[in-house]
Each structure stands twice: as structure tokens, then as C-alpha cells.
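Note that this is a predicted model, so its numbers are computed, not measured. Every chain is numbered from 1, with letters handed out A, B, ... down the list of sequences.
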There are 4 protein chains.
Amino acid sequence: MADTTNDQNQRDNIETEFDLLPDSELTEKHWKILEAAVRVFSEKGFGASRTSEVAKEAGVSEGTIFNYFKTKKDLLVGLLIPLVTRFFRPLILSSLERILSTRKERSIEEVLHDVTLDRVQLIQKNLPLIKTVAAEAAFHPELIDPLREQVAPKVIETMSRYFQAEIDNGTFRDIDPKLLFRTFASMVGGYILTRNVLPAEYEDADEEAELKQMVDIFLNGVKKQ
Amino acid sequence: MADTTNDQNQRDNIETEFDLLPDSELTEKHWKILEAAVRVFSEKGFGASRTSEVAKEAGVSEGTIFNYFKTKKDLLVGLLIPLVTRFFRPLILSSLERILSTRKERSIEEVLHDVTLDRVQLIQKNLPLIKTVAAEAAFHPELIDPLREQVAPKVIETMSRYFQAEIDNGTFRDIDPKLLFRTFASMVGGYILTRNVLPAEYEDADEEAELKQMVDIFLNGVKKQ
Amino acid sequence: MADTTNDQNQRDNIETEFDLLPDSELTEKHWKILEAAVRVFSEKGFGASRTSEVAKEAGVSEGTIFNYFKTKKDLLVGLLIPLVTRFFRPLILSSLERILSTRKERSIEEVLHDVTLDRVQLIQKNLPLIKTVAAEAAFHPELIDPLREQVAPKVIETMSRYFQAEIDNGTFRDIDPKLLFRTFASMVGGYILTRNVLPAEYEDADEEAELKQMVDIFLNGVKKQ
Amino acid sequence: MADTTNDQNQRDNIETEFDLLPDSELTEKHWKILEAAVRVFSEKGFGASRTSEVAKEAGVSEGTIFNYFKTKKDLLVGLLIPLVTRFFRPLILSSLERILSTRKERSIEEVLHDVTLDRVQLIQKNLPLIKTVAAEAAFHPELIDPLREQVAPKVIETMSRYFQAEIDNGTFRDIDPKLLFRTFASMVGGYILTRNVLPAEYEDADEEAELKQMVDIFLNGVKKQ
DNA sequence: TATGAATGAGGCTTCATTCAT
DNA sequence: CATGAATGAAGCCTCATTCAT
């Protein structure tokens, strides 16, 4: 189901399996519970979700959940593992590394556009999970400490180096590269957010074309001259 | 009511009183409860907040809360009134109207920068309230229906007309003005979000200077040539 | 209103004003509260009634109720005063005395029939009050202690003497007169109860004719031969 | 189920086990809660009873009650099931059918007397349950809708047919058989009621003898001649 | 005396968690 | 390991009662 959109005609399918399929490290039941938790939490929010419903959704008894997760909160924290493992790790390793690696052969427009489209699709696919964690993290920041302390700095640094290189070779104007990334990421994040918050206003949009234009605005705003 | 002081002459801090000060229409106790609710909800989230704590924070008995709000949920909904009344109404009426009205005399850079700085400060000041409503709205979209249906279209339309005018007179490139606004708003919103989510990364930044640069990137990216 | 049925063509109108009209001993507000209490209690029962609703119904503030009745329970007890004063006192004094007093001139059928019809109408008129007190008395028997200890014995004794006289003069069979009264009263009480509990079954009945037949059954069952 | 022991041979106490003993259809805990509810409700009334006390009385935790009954009101409604199942169903099926079936062999006095004594004992045994439901039904008539709509008509019809037969064969006078039953039932019901409401007056009575006399009064009042 | 806002004890109900089977 | 009945702490909410005005 989530894979039906994998007919991406892009260069190569960059990470395609970020939905919650069984991992080798976890038992099948473990995964069924996690999947059910994402479904339920993302519908009602963590606080308004009931372990009984997660159990029903997962097709196990309520007691079984507590054989795998000591508390309900642990179930929420448990969702972060796949989020980090499968979502952000590739974010750094695969895609971003590829940016630099293909930099020589491809135009910056192409690279940024590919990355943008890829990230947007990845986020969209994992939106329920992200929504759940984000909403709860707003009040329990420690939930995303691993992200903030380990993942974010790497992403920021990687992208900053990339932008710095463009500044150094005279392509970009001389602006703090961290601010550049912040601006770029905000644009993309805001695009996804508004798409989901204001569906009526934007539902008939051609996503790919719009993203291209956004990247275009960014690049024009950033390029020298 | 809150607008009666809007006879502020110029560019200096536009609207400063959007925090939750007593309104003439509501009793003092009514307001003390709402303020306490914002404080508590924004700390722990709606679901994890206890009416007993809101009561203690407001300095009233728990029962008194329910003399003013039939249910705990009503207390949450009650927060939207000030959000709309004091936050979004001025957003449309004051600032945005001012954009068009001062367009002739001031450069577009000046105008957008003023608006940006003003909006950021306004949001920052009301961040607890916004955070609370936003987190809950993620799972109960009907909470922000009034915003989505009444406020958002007006803002989008006002800003789009403004951008359209720039396109018409050849200043901006020919891009869907709604997408322009979406991009602009995303940048600003993302700026605030990252400032609060990744404080360590960005805490030493000069906010005003950074915002100026962001507006600059946007304008450069959008301007013809 | 309650008096519109006072076109009773019977011998003479035996007590007609037992509804809750102001008494000389109580202030008007006092009475308005009592009347409202009867209305509300008889609709929802004592436990499910709210003093706030009694206040609204009485057209006074909630606090005022507690100027007249120390507690809500006192309000219930307060209802018994009129019940006794206006309902049972006449029951004994007027009607029953009249039974004996007119015994000489009228047939026993006539007397019993008059009394029965009169009692039924009186009870029907005060049914809300009676229902309220009865339901609560089921769980707080002390509520009707005054009735049980003072009123009931008198009624029983008066009626028993009356029946005993019939036995003595050979009209009635030799049955314990207390049992006679118990049987007679049960018939009448049951008639009213079933009329109100099973309305569908009995609503098209001719009340007066039926009561006449019931008295008839009783008399035939009791008369010698 | 409760009827399986109805192989009682003759006139001796028909149905004796109508108290709240475990049914095969309900779990033991379910029954313990119901029994406790009857005990507590019949002591204090539904409104003044506390679920905490029902729990203590039943020997379960308060939460357990709500695993079996969604609300406190459901607990009250739940009491009607045994009331109907075990009390009124036999009322119709066993005893009343028996009236007609033994009519040929036994005198009408014998039959009516047996039925009366049996019903009185049955009611006495279930008095707490009946009292509870009756008191609440006074203000929530829908509680006894099943009784009013299904049970009562059958009882009325069965008894009426029986009385009609007596009229047809010339034993009884020509009186509406429904009124006959109403009168008869009122007498019996009133007997029980006064026994419980005015205990002091009637506590030394020989119940069986009194009931015999009451039936006698009724039969004499109803018989031709 | 009348008011009605404020109180706060206590009720019903929920639900994460445990544990005997 | 799976189950699900039982638990009981704790939350939301009600409402009789008080008291300052």
C-alpha cells in the first residue's frame, strides 16, 4: 500500500521501505504492537489513546503489550527507535552523502530538487509517526533529545558544509550556512505542514512542480547575483 | 477592544499587548482561569494537565472552574477565543492592511521586514497558547475550523493580492502568489519553530539580523532578474 | 386551576382546597419554594432533584431557599407539614366524622361511595406530593413517623369503630374490623396506583362507575349472607 | 433454569428459590455485584447509594463493577433482568397456568387462596428488589416499560380470562373481569404494603388466616347471590 | 432579607498495570 | 509466553451549602 507510490521515476529509489515492516531485530508481535500504536496514537494523540485500543488494533491481548513494553510511555518511546533508525539515519547516510558525492556530475538545482522531493515523500509516508512524536515532544522535549543531540547536529553540519562549499566557490552569497539550511528546511517543512493543515486551500496543487518552484526561489535568493 | 491602543504611530513595536490581560467582556476570574489554563496546558499538554492544577494556578477552587467552563474541553476551546480575537484579528486588520497602505511610501524590503519582525514577536509572545492549541488541533482538527475557514482564507487572500500586485508591476517573477505566501510563511514559521526546538543550535543568533537575511533571501529569490 | 373540577354534583363539596395555596402561617415566598419543591421532586425524585432547579422554579435565588430551609432534606420534611395539616387532618376530622354523623340518614352504600370518590379525588390532586414523600419514605421511614404514629392509628381506629358498629348491628360479617379497613383501603389505594402505573390498560375507564363497583364488591363480600 | 426445580408436587410452597442465587448465564462475580446492589439500593435508595459501598458489599473493587455495568444506572437496570426472568416469568407460566389447569379438580376458594399465599410469599422474599425498582420507576417509568408492555398485559389477560370463565358459568356476577382482577390484585398488594409500612399495627396477625379472609371477602363480593 | 459566586467534599468513572491461570 | 479479569489510584465533575455584598 505505502509502496504503491514507489514508481518514482527518479534516478533510483532512495530508501523505499520506511513504513513499519518487520525488522529482523524485533519479533513479529513486537512490530504489530508498534504499528498499532502508531495508528492509534496518530489518530487520537498519545494522551487520548487507550492501551486497550492498541491491543485490539494489534490483535493481541492488553496484557501482551506489557510483556513487550513496561509502560504505555515506553510504547511511545519505542516508536522513536524506528523513527531514528530508519528515518534519520538514512537521511544522513544515504541521501545527504549522495548530495556531495554527485555534486560534481549534476547541477545544484537537480540535487536539491531530488533531495527535496525525496524528503517530502519520506515525511509524508511517515507523517502519522512524526505527528505523534512531535505533538508529544512539544511537552516532553526529552523525547527527542536523541534527535536534538545526535541527529540534528550531524544534519546541520553536513548541509552546512555543503552550502559552505557553494559559498566558497562563489556560487552562493556569503550567508551563514546554518541559516541557509534553516531557511531551506523551514520552506520544505512548512510546505508539508500547510498541505496537511490547510488541505482545502492547496489540495489541487501539483506537488512536484511546486516543490521545484520553491527550490528555485531558494536558489535564486541565495545565488550570487 | 484590544485594538483601541493601536494608534501607535509607526514602525516601532506594533501591538504589544496580546498576552492574556483581562478583557472588558470577561470577568477577572474568568481571565485568571484562562491564563492559568494556558500556563498549565502549555507545560504539560492538555491531556496530561489536571483541572486541579489549573485551579491552584488560578487561585480558585476546582469547582469554580466549572462555573465558567462546563467541561475541561470547553476550557481548551475557550482558549481559542482570545487566540482569534487578539491574535489573528489584528494580524489581518492592523499589520496586513498596513502593508498595502504603506506600500507606496516604503520599500518592499522595509515592509516585509517590519511585518516579519512583528509577526515573530507576536507569535513568540503567544507561543504557549499557540503550542497548546496546535498540539491538540493535530488530533481534533475541528478545534481550528474557525481559523481554517475564516481567518486563513483572508490572510492568504490579502497576502496573495499583495504579492500579485508585485507580480503585476514587474517586481516579482510570475509565480502563483499563494505559493509565494506559503513559502514566505513557511520560512518565518520554521524560523520560530527551530529556534524553540533546537535552542542550543541557534541561541546565540541575532534574531533581527537573521530575519532580515531570510526576507532578503526570499525577496531575491522572488524578484525578477 | 385545581379548582375547576369542583363542580362535583355530590352531596356537598367535602374539602376542595387541598392543593398548595398559601397558608396564613407561612410567607408567600416560603410557599412558592414549597410548591416548586413539590413540582421538581415529583418529576425527578428527591435525590435527582437540584436545589438550583427548585430555586429557578420558585423564582428565587438558590441562596434564598436556605434562608427558609436549613438543608435540602429539611425542604423534603417541610413538605410533610402541609401533607399532614391539610390532607390527613381533614381526612380524619371532616370526612370520616361525617361518615358516622350521616350514618343514620343515609345508606352505607351511599356513605362509602361518597367517601371513596372523595378520597380518590383528593389523592389524585395531591399525587405529586404523595408520590414524592412515599418514594423517599421507602428508604427513610422516619419521614412518615408522624403519619404512622399519630394519623394512621386514628384513621384505623375511627374506621374500625365504624365497621365494628356494622358488625354489631348484624350488617357485616364478623371479621376483624381492622382487616376490613385494611382490605377496603387497599382496594382504593390499588385502584389509584394501577390507574397511574398502567395507564394504557385502564385509561378509558369510567372512574366513578368503577369505584362504585369496587365498593359494591367490598360491601357484598362483607355483608352478612 | 430457576424453574428446573419446579417439580414440586402439589400445593405446598410453589417456587421458593426466587432470591438472587447465581444463574448459569451470569458469572459468579456478576451475581455477587447484583446481589450487593439490591442490598445497598434497597437500604438507601438508588440515589443515596454509593458504588463504593456496592463494591465493598460485593467484595470486589469499585472498578470491577464497571467492568460488568457501564454506569451506575445500568446496574439498576440490570436488576430488572432477574426480576423479570425469575419473578414474573414464573408468575405467568407456573402459577397462573396452574390456576386454570387445576380449576376442575379444586374449588375456586382453594385455587385463589393458594395463588394469593404463593404470590405474597414470593413478593415478600423479593421485597428489597421490588422496593428498589418501584421507587426509582416512580420517576423513570421507562424502567418498567418491559413489565408494563409485556408482562402486565399477559397477567391481566390470563386472570381476566379466568374470571370471565367464572362469569360465563354463572359463578361470578357480571363485572368487567379486568376490574375484578384489578380489585383482587389491589387487595393483595395493599395487604403486603400495609404489612411493611405499618408494621406495628399488624405485626401480630396470622398472615395465612388473614389472606384467607381477604380472598373470602373478594369471593363473596363477587359471587352471584 | 435576597442574592449568586465561590466553595470543596465526594461521587462516578476511566484506564494503565498486574498476575493467576 | 499469552491472556483478560481484577485492581485502585486518580481524574473530572456535581451540587448542597456558605457568605460577603
Answer yes or no: is there a donor N or O on one side and an acceptor on the other, between the side chain of D:T64 and the main chain of D:V60, under 3.5 Å?
no

In whole angstroms, the gap separating C1' of E:dG11 from NZ of D:K44 amounts to 14 Å

Quick check for you: among E:dT3, E:dA6, F:dC1, whose closest atom lies nearest to any side-chain atom of C:S61?
E:dT3

Summarise how protein sits on nucleotides 13-21 of chain E as a single string, 5' to 3': B when a protein heavy atom is under 4.0 Å from the base, S for sugar-phosphate-only contact, - for no contact.
BBSBBB---

Measuring from atom NZ of A:K44 to atom CZ of A:R50, what distance do you get when rounded to the nearest 0.5 angstrom?
8.0 Å

Distance test, side-chain N/O of D:K29 to OP1/OP2 of F:dA6, below 4.0 Å
yes

Side-chain contact, heavy-atom cut-off 4.5 Å: D:K72 with D:F46?
yes

CZ (C:R148) and CD (C:E142) are apart, to the nearest 0.5 Å, by 9.0 Å

Tell me, what's DNA chain F's dot-bracket, Watson-Crick or G-U with both distances under 3.5 Å, | for other-strand, [ ] crossing?
.||||||||||||||||||||

What distance separates A:S42 OG from A:I130 CD1, expressed to the nearest 0.5 Å?
11.5 Å

When rounded to the nearest 0.5 angstrom, what is the spacing between CD in D:E149 and CD1 in D:I144?
10.0 Å

Nearest whole Å is fine: how far is F:dA5 P from D:K32 NZ?
16 Å

When the distance from CG of C:L75 to P of F:dC15 is rounded to whole Å, what number comes out?
16 Å

Just the rounded figure in Å: distance from P of E:dA5 to CD1 of B:I65.
17 Å

Rounded at 0.5 Å granularity, tell me how far OG in C:S49 sits from CD in C:E57.
10.5 Å

Side chain to side chain contact (heavy atoms under 4.5 Å, CB included) against A:K56, all qualifying residues, sequence neighbours excluded:
none

When rounded to whole Å, the CD to P distance for the pair B:E28 and E:dA5 reads 15 Å

To the nearest Å, give me how far apart NZ (D:K56) and C1' (F:dT7) are.
17 Å

Scan D:Y68 against the nucleic acid and name what it touches under 4.0 Å (heavy atoms): base, sugar-phosphate only, or nothing.
sugar-phosphate

Would you say D:E62's side chain and D:S52's backbone share a donor-acceptor pair under 3.5 angstrom?
yes

Interatomic distance where CD belongs to C:E53 and C1' belongs to E:dG4 [whole Å]
17 Å

